[in-house]
Structures are given as structure tokens and as C-alpha cells.
Amino acid sequence: MNSLHRIVSGMRPTGYLHLGHYHGVLKNWVKLQETHRCFFFVADLHALTTHYQESHTIANYMESMLVDWLSVGIDPKKSVVFIQSAVPEHAELHALLSMITPLSWLERVPTYKDYIRDLKGKEGATYGFLGYPLLQSADVLIYKAAGVPVGEDQLPHLEVARELARRFNFLFGLNPEFLKHVQGLISHMEPVTAKRYERYRKAYLEKGDGQARQDGKDLVMGLSSLTEGDKECLLGYCEGTGKTILPEPEPILNPAGNLLGIDGRKMSKSYHNTIGLREEPRVVTQKIRTMPTDPARARRENPGNPEKCPVWPLHRVFSSDETQKWVMKGCTTAGIGCLECKQPVIDHMLKEIEPIRERAKEWEAKPNLVHRIVEEGNEVARAEAQKTLKEVKQAMGLFSHF
Ligand code: SF4
């Protein structure tokens, strides 16, 4: 992937952001925007899939999320920042893709299966929730994303998008217009080159010869007189898939080592174990000081084991090697007390949060500027999305004049 390749990612505005979001997602976004063309969106339609009964809260969380993004360093000069529902092409592509999506592809997604199991017969499983991975597919395919930053648990969702792109290209990329165009390109090749190309194509399609596929690809890429689009057509024809209208996005795995919550579990609003991205210093201090520790250290003089303490994963993220050694030795020998041990974590957290809080105050004082940034982002995103939708509708034989 190079800087011309696009990355698309979104976040649901269903609560205030916390340090888990910062370490797990946002720090990575800030890095990616230096090397890629990034499209970051507030996934308000996705918020409705589970929070439709609290839709009145979405606008507030959305405003707060945008301020947070800008405050951690998402730069609107480098990244397109926009709102999902302000680009209706997401929903339109979702509807079009739904026509070719086998139900079983959605039903086998682990999050859906878990959700249905957790409902235990209660009302709540909507079509929107089932179609969640399909809307996510539309979100990334509409921008022809080359990469999508994901956690391990979201890989099955991205796989749906990749399968859908393949299915779409197979179904609609090989239409009569495409075949006429490819035949025209072949007829303009040197006769020897055209014969080689046909030979490689036949060997791959009839015998599954991988080497012939590679040779065909090398041959096409070496034809310097062709445009990138024409090369793409010849490559698709060689592989029997037709024109690549919707490229398959690659996963970009988020860096491992997400921040755990103050109870040692994944940091999540639903576990009530978060440290807010703009949390008041006294609240941060209080939350860390009252964190549970290794139960073996019921008294100051009892030695403990950091591996059995939820404070230790925080040291692993925030503290230097030297401090970690101090914790390990002090805990196992009862040389330090738990409050003493927690202090460096508190200090580092506050140091991380403080500049974000400061910048957030500045952005909050300029709501018009935030709105302008988003409006501009909406326009840029919409123009790109319209291009893809036009191609998609043309390929499907639908009305596609804008
Ligand atoms: S000394 Fe630190 S690591 Fe050990 S139990 Fe106390 S808080 Fe946990």
C-alpha cells in the first residue's frame, strides 16, 4: 500500500470516548493519516443498529466525538472527516449489495450469533443489526478502500466485505460492454503478445495454472501503452472475474496491546471500567487509587504478584522498563505499597489526558469551525462516493445519471 491508497474507518457515536478508544484506535489513525489518504467517519447509522431507542443521544455523542478526534490530532487537512448519514450513497450501496448477499453470510458473523444468543428470545434482533456487516461493507467499498484498520474481532466483518466485492465483480464485471472493450484492447496488441495473453488466460481458466495467471499479469503490467484502467480490465478478463468495480479491502490489524479497564477487563462503557478521554484529573486519580489489586496483598506487608493485579497491565502500557522493574520487585517483596505503585500510572495518565483536555476546550470554543470541517469533509466524501455508486449502477444496468 502507498500514500495513494485509501483507508476508511468509522466509530459509532454511542457514548463518550475513553482511553481505550485512544490507545486501540485513534493513535493508530493519527499515524495512518501521515502515510495514507484517510476517510474517517462518525458512524451514526451504525449507532441506530443497537441504539435506535436512544437516538436522541446520538447528536450529542457525535459532537463530542468530533471534538475528541480533532483534539487527539486527526488533521482535517490530511484526512477526510465526515458523517456517515450525510453521505446517503452509503445507504444506497447497502441496499444494492443486499440484493446479492446470501442471508447465511450475515447469519454466520460471530457478533450476530453472540447477540442472538444473549437475547435469549427477547425482542431486539432487527434487520438493521443483521445487516450491520453489510452496511460496513458499503462504508468501505463505496470509497474503494485499499485498507481498513480492524481489531481481530472485526476480521469476520471485513471478510464479508471482501466476499461481497468478489461476488459483485463476478456478477456485474463481466457484461457485454466490458467484453467488447477487452476484445478491442486485445486486437490492438502485437499478434504475438495477444496469442501469449490468450494462452495464459486459457491455461489459468481451464487448468487453474497459477504460473500462467502470474505470467498473464506480468505481461499486462508490462504493456506501457495501456492506461491503468485498461490494464485492470485485461487482468480481470484473464482471471475470469471481469472488471474490478469494487476492489477487495485488506485488513490493517490494529496494534496489539489495547488498554484494559480499571477492573482488568477490556475497557468498555458497558463494563463501567473506563477512564474518559477528557476525564477530570481528580476523577482519574480516584478511579486508579480505588482499583482492586492482587487479593494476596490484603495487608501492606503481604507480598503480591503483579501478574494477578489489574494495575500491572496499565504499567505495561504507561510505565518505563525501569518503573516496571521497580513494581515487580516492590510488589513481590512487599517493598512498596499499592498506592505507591499506582502513582506512576496516575501521573502518566494525567500527562496523556491533559493536552487532550486543553485542545478539546479550544475546539469546543469554536463550534462553527468544527461544523465547517465536517461539512467540507461531507462534500469530499460524497463526491467520491457518487463516483463509485455511478459505476456500480451502470454495471448493474440501473439508472445512473447524476
Ligand atoms: S503493588 Fe502494584 S502490582 Fe502489586 S498488587 Fe499492589 S498495585 Fe498491584
Side-chain angles (χ1 to χ4, degrees), residues 6-44 46-47 58-84 147-151 154 252-262 266-269 273-281 283-284 287-288 314 317-318 345-374 376-378 380-381:
R6 286 184 190 164
I7 283 183
V8 178
S9 196
M11 260 191 198
R12 300 195 320 147
T14 54
Y16 295 114
L17 297 192
H18 50 68
L19 280 183
H21 294 114
Y22 181 55
H23 283 265
V25 179
L26 292 173
K27 272 173 119 174
N28 195 30
W29 283 11
V30 171
K31 238 190 260 168
L32 286 169
Q33 70 180 352
E34 298 302 325
T35 48
H36 294 77
R37 177 73 170 145
C38 293
F39 287 68
F40 297 132
F41 64 96
V42 180
D44 55 347
H46 283 292
I58 291 176
N60 176 36
Y61 290 139
M62 184 152 63
E63 295 270 339
S64 166
M65 180 176 275
L66 288 164
V67 166
D68 285 339
W69 288 4
L70 295 166
S71 305
V72 299
I74 299 298
D75 183 349
K77 290 197 187 81
K78 295 174 183 163
S79 301
V80 183
V81 174
F82 66 101
I83 312 283
Q84 185 188 27
V148 181
V150 283
Q154 290 167 318
I252 302 174
L253 274 180
N254 288 334
N258 281 351
L259 194 68
L260 297 181
I262 54 176
K266 180 184 170 190
M267 192 177 279
S268 163
K269 186 181 58 138
N273 65 357
T274 61
I275 300 281
L277 199 52
R278 290 188 245 160
E279 197 90 82
E280 294 269 352
V283 180
V284 175
K287 281 186 176 177
I288 302 296
L314 299 181
V317 171
F318 289 104
V345 171
I346 295 171
D347 294 342
H348 281 102
M349 261 189 193
L350 293 181
K351 202 170 154 200
E352 185 164 78
I353 289 174
E354 202 42 40
I356 297 174
R357 280 168 51 84
E358 285 305 314
R359 284 193 294 268
K361 270 186 218 154
E362 291 167 22
W363 282 110
E364 277 186 323
K366 297 180 274 193
N368 291 344
L369 180 56
V370 176
H371 291 167
R372 206 161 61 236
I373 287 169
V374 175
E376 282 171 15
N378 290 344
V380 174

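The closest side-chain heavy-atom distance from M65 to L17 is below 4.5 Å. Side-chain contact between M11 and L26 is present, with heavy atoms from C-beta onward closer than 4.5 Å. At a threshold of 4.5 Å between non-hydrogen side-chain atoms, the residues I288 and L314 count as touching. With contacts defined as side-chain heavy-atom distances shorter than 4.5 Å, the pair V148/I7 does not qualify. Under the 4.5 Å side-chain criterion, counting only non-hydrogen atoms from C-beta, S64 is in contact with R278. Contact check for F318 versus I346: no side-chain heavy atoms found under the 4.5 Å cut-off.
Here the closest non-hydrogen pair linking P149 and N254 is CB-OD1, 3.6 Å.
Cation-pi geometry between K366 and W363 is satisfied (NZ or CZ under 6.0 Å from the ring centre, within 45° of the ring normal).
Checked against W29 for a ring-ring contact (aromatic ring centres under 6.0 Å, His included), the options Y22, F39, W69 give a single hit: W69. Exactly one residue among V81, D75, V80 makes a side chain to side chain contact (heavy atoms under 4.5 Å, CB included) with K78. That residue is D75. Across V67, I353, V72, a single residue satisfies side chain to side chain contact (heavy atoms under 4.5 Å, CB included) together with L277, and that is V72.
If you take CG on L19 and CE on M267, they are separated by 5.5 Å, rounding to the nearest 0.5 Å. Considering CG of L66 and CD1 of I373, their distance stands at 9.0 Å, rounded to 0.5 Å. The structure places CG of L259 at 11.5 Å from NE2 of H21, a figure rounded to the nearest 0.5 Å. Going from atom CE of M349 over to atom NZ of K287 covers 9.5 Å, rounded to the nearest 0.5 Å.
Using a cutoff of 4.0 Å between basic side-chain nitrogens and carboxylate oxygens, E364 and K361 are not scored as salt-bridged. Note on E354 versus R357: salt bridge recorded, some NZ/NE/NH1/NH2 to OD/OE distance being below 4.0 Å.
A donor-acceptor pair under 3.5 Å is absent between the side-chain atoms of S79 and the main chain of P76, judged by distance alone. A donor-acceptor contact shorter than 3.5 Å links the side chain of N378 to the backbone of I83.
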